[in-house]
Structure formats: structure tokens, C-alpha cells
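Structure first, commentary second.
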Amino acid sequence: MISITAQELASRLCFQEAVRQQIFAVKLTPTQESVWHELFWYEPEAFVAELRKQPAPELLVLALYLRWAVNTYQNYHELGIPESVFFDTFQDFRIWNDECVRIFNRPGLTEWDWNARLLRMEVIRLGRLEYQPCILPRDIVYGDISVSAGTPILEVHIPAGDSLCQKIVKESFAAAVSFFDCYFHVHYEWFHCHSWLLSPYLRELLPPESGILQFQNLFTVYDEDFSFPQAEERVFGCIKDNPEKYPENTHLQCTLKNYLLSKKRPGMGYGVYHALE
């Protein structure tokens with residue numbers, strides 16, 4: 001049986017030595033870890049409620065999740081999934097730890113629910129993108145597109161990182177179709193995405209050759225959503241009531257800030273992509 005320790009995982013996920021020391025300085029008895037584990041799997045709301053009572057919940061979550069990722073690693077192995085897929089997927093732990101350091105100036109995990117999906121194997125990274133198997137909850141009818149409620153779909157998530165040029169994205173889509181066919185015996189033809197990257201208003205902000213618009217052009221954007229300022233969160237790293245307070249360190253930050261100051265909002269878009277396209 002192939003096995004790995006939480007310490008080895010942290011090292012291979014490229015956590016800095018100083019961060020690893022803080023993570024494994026969190027002491028948990030087997031009984032304590034068992035109680036946390038039961039809550040995590042069977043009472044997730046109670047799990048979060050108890051975490052919020054702790055003095056350093058972000059660090060505790062990271063310590064727990066790294067320990068439990070050992071079991072997920074074994075699950076990947078038993079399914080025959082390449083080890084590289086596991087480590088690509090779990091890079092999110094390090095990404096969100098870096099975000100925690102940026103926000104709180106200490107190591108730990110933000111986005112507890114999101115990272116829990118990695119442990120449950122609900123989200124898997126293949127190439128540039130992450131995929132979450134879902135069932136379409138409602139019919140989508142838009143132009144020539146018609147997808148019925150109940151259709152198996154892959155929800156597309158876009159981790160922070162490199163280019164979103166069409167070649168890289170299509171390679172990831174193709175890898176996803178093959179992966180889920182091979183390891184989960186489910187064939188997916190439809191990809192679905194809900195993101196600020198699909199906002200039609202980005203065409204007012206970005207040049208046609210931008211990677212974001214290349215990504216967007218692959219999808220049929222069938223609806224819009226203004227319920228949350230995701231573009232501001234992702235571009236500026238925070239959400240402020242007054243756009244004047246946003247930084248102007250990049251061209252996109254400058255452009256989006258001016259757009260917001262003109263009382264406009266980019267919102268988010270819903271889009272679909274068919275694997276046979």
C-alpha cells in the first residue's frame with residue numbers, strides 16, 4: 001500500500017519550512033482529531049461553528065485538512081489516478097494559505113468550504129482548470145443552445161495562475177473528458193461556468209487578444225449575475241465600498257477602477273461549452 005504523511009504532503013505542496021513548523025505545532029490528540037473529523041463529514045455546519053470559536057481557526061483548519069488529505073491521497077491511489085493529479089489539485093491548499101497570509105499575516109486556510117471539496121474529491125484539477133461534476137439544475141435554452149435539466153455537467157473553476165489562452169483551456173477540457181471517462185466512468189459533454197471572467201462587460205475593458213476574452217469566447221454566455229462583486233474581489237484582492245480606495249498597480253486594476261468610478265459594474269456571467277465544439 002502506498003502511503004504518505006501529512007508532513008511529506010506539506011513539503012511536496014511547497015509550503016515553506018517556517019509555515020510547516022507552525023502547522024505541525026498544532027497539537028491534536030487522536031480523540032480531538034476524531035471529533036473534528038466526525039463533525040467535518042457528518043455535521044459540516046457544526047464543524048464551521050466550532051471552528052469559529054477557536055483562537056486561530058485558519059491555522060487549525062490547515063492542520064486538520066493536511067492530516068485528512070493523507071486519506072484522500074490513498075483514495076486517489078486506489079482509483080488508479082496519477083499522483084500528479086492529486087498534487088496539482090491540492091496546490092489550492094498552498095494558494096489559499098498564501099491568501100490567508102496576505103489578509104491576516106499568518107498561515108492557515110481561507111475558503112474552508114472550497115478546500116473541503118478537495119478532500120471529498122468533489123473538485124479535481126486537470127491542467128489549467130478545476131472541475132466539479134454536477135447535475136444541471138435547470139434547462140438552458142439560449143439561441144442554438146439547448147441543455148436539459150438533469151444533464152451531467154462539469155462545472156469549471158479557474159484557479160489563480162497562468163494564461164487562459166484557448167489552446168491551454170481546450171487541452172484542459174479534453175483532459176477532463178478523458179479523465180472522468182477513465183476513472184469515474186461518466187461521460188461529460190457539457191462544461192458550465194459561472195464567473196466574472198464571463199461578464200460580457202469585460203469587452204469594454206480588455207483588448208480582444210486578452211487571455212480572459214479568449215477564455216470567454218469559448219463559451220456561450222447565456223445569462224448575467226450582479227449578486228456579488230466577484231471582479232473586484234479577484235482583481236483587487238478585496239471589496240471596498242468606495243472604488244476610489246482601490247489600488248492601481250496593474251493595467252486591469254486601473255481600467256476596472258475607472259469603470260467602477262463611472263458607476264458601472266461588470267457583474268458575472270453564466271456560460272456553457274460543448275465538448276464536441
Side-chain angles (χ1 to χ4, degrees), residues 92 95-96 98-99 102-103 110-111 114 125 127-132 134 136-147 153-173 176 190-277:
D92 267 18
I95 290 171
W96 288 110
D98 292 345
E99 184 70 0
R102 185 185 69 82
I103 296 172
T110 59
E111 298 293 336
W114 170 259
R125 181 165 184 169
R128 179 65 183 85
L129 302 169
E130 294 168 323
Y131 299 94
Q132 181 178 5
C134 297
L136 190 66
R138 60 188 177 98
D139 293 341
I140 297 174
V141 179
Y142 183 87
D144 296 332
I145 297 292
S146 179
V147 193
I153 60 168
L154 287 174
E155 192 71 30
V156 178
H157 300 282
I158 309 98
D162 299 328
S163 170
L164 287 168
C165 73
Q166 290 195 2
K167 180 178 182 295
I168 290 174
V169 171
K170 284 186 174 182
E171 286 173 352
S172 180
F173 286 165
W190 287 98
F191 294 83
H192 185 271
C193 186
H194 175 211
S195 171
W196 73 278
L197 299 176
L198 298 189
S199 166
Y201 299 96
L202 292 179
R203 298 183 183 280
E204 301 176 24
L205 303 175
L206 299 170
E209 66 274 12
S210 77
I212 290 175
L213 291 187
Q214 285 192 49
F215 175 80
Q216 184 178 128
N217 288 339
L218 288 171
F219 289 83
T220 297
V221 177
Y222 67 88
D223 203 357
E224 298 171 39
D225 176 14
F226 294 90
S227 63
F228 180 73
Q230 189 185 62
E232 294 170 56
E233 178 186 62
R234 299 302 167 84
V235 174
F236 300 112
C238 61
I239 299 171
K240 296 184 181 295
D241 293 334
N242 183 358
E244 287 280 7
K245 297 180 180 179
Y246 283 134
E248 300 179 34
N249 299 322
T250 68
H251 178 72
L252 182 54
Q253 285 182 343
C254 293
T255 305
L256 179 57
K257 180 175 179 176
N258 288 332
Y259 192 77
L260 296 169
L261 289 171
S262 68
K263 307 301 182 183
K264 298 178 181 178
R265 297 290 183 270
M268 298 176 281
Y270 291 91
V272 290
Y273 173 84
H274 193 251
L276 300 181
E277 291 178 4

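Aromatic ring pairs are classed by plane angle as parallel below 30°, tilted from 30° to 60° and perpendicular above 60°; the pair Tyr222 and His192 is tilted.
Side-chain contact between Gln214 and Leu164 is absent, with no heavy atoms from C-beta onward closer than 4.5 Å. Between Cys193 and Ile158, some side-chain heavy-atom pair lies under the 4.5 Å cut-off. Looking at heavy atoms from C-beta onward, Gln230 lies out of side-chain contact with Leu197 at the 4.5 angstrom threshold. Using a 4.5 Å heavy-atom threshold, the side chains of Phe228 and Ile239 count as touching. Side chains of Ser172 and Tyr131 form a contact here, defined as non-hydrogen atoms less than 4.5 Å apart.
Minimum heavy-atom separation, Phe191 to Ala176: CE2-CB, 4.0 Å. Considering all non-hydrogen atoms of both residues, Glu204 and Tyr259 come closest at OE1-CE1, 3.2 Å. Of all non-hydrogen atoms in Lys257 and Glu244, the two that sit nearest each other are NZ-O, 3.0 Å. Here the closest non-hydrogen pair linking Gln216 and Ser199 is NE2-O, 3.1 Å. Closest of all the heavy-atom pairs between Ala231 and Pro266 is CB-CG, 3.8 Å.
In this structure, the separation between OG1 on Thr220 and CG on Leu198 is 10.5 Å, given to the nearest 0.5 Å. Between Ile212 atom CD1 and Cys165 atom SG the span is 13.0 Å, to the nearest 0.5 Å. Here the CD atom belonging to Glu224 is positioned 15.0 Å from the CZ atom belonging to Arg265, to the nearest 0.5 angstrom. Distance OG1/Thr255 to CG/Leu206: 7.5 Å, rounded to 0.5 Å.
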Test Leu154 against Phe173 for side chain to side chain contact (heavy atoms under 4.5 Å, CB included), laying out the working first. CA-CA 10 Å; Leu154 287 174; Phe173 286 165; over 6 Å; no
Give the C-alpha distance, both sets of side-chain angles, the deciding distance and a yes or no for side chain to side chain contact (heavy atoms under 4.5 Å, CB included) between Trp196 and Leu202. CA-CA 9 Å; Trp196 73 278; Leu202 292 179; 4.1 Å; yes
Before giving the answer on side chain to side chain contact (heavy atoms under 4.5 Å, CB included), spell out for Lys170 and Tyr273 the whole-Å C-alpha distance, their side-chain angles and the decisive distance to 0.1 Å. CA-CA 10 Å; Lys170 284 186 174 182; Tyr273 173 84; 4.1 Å; yes
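Under a 3.5 Å cut-off, the side chain of Arg128 and the backbone N or O of Pro159 do form a donor-acceptor pair.
Donor-acceptor pairing under 3.5 Å is recorded for the side chains of Glu232 and Tyr246.
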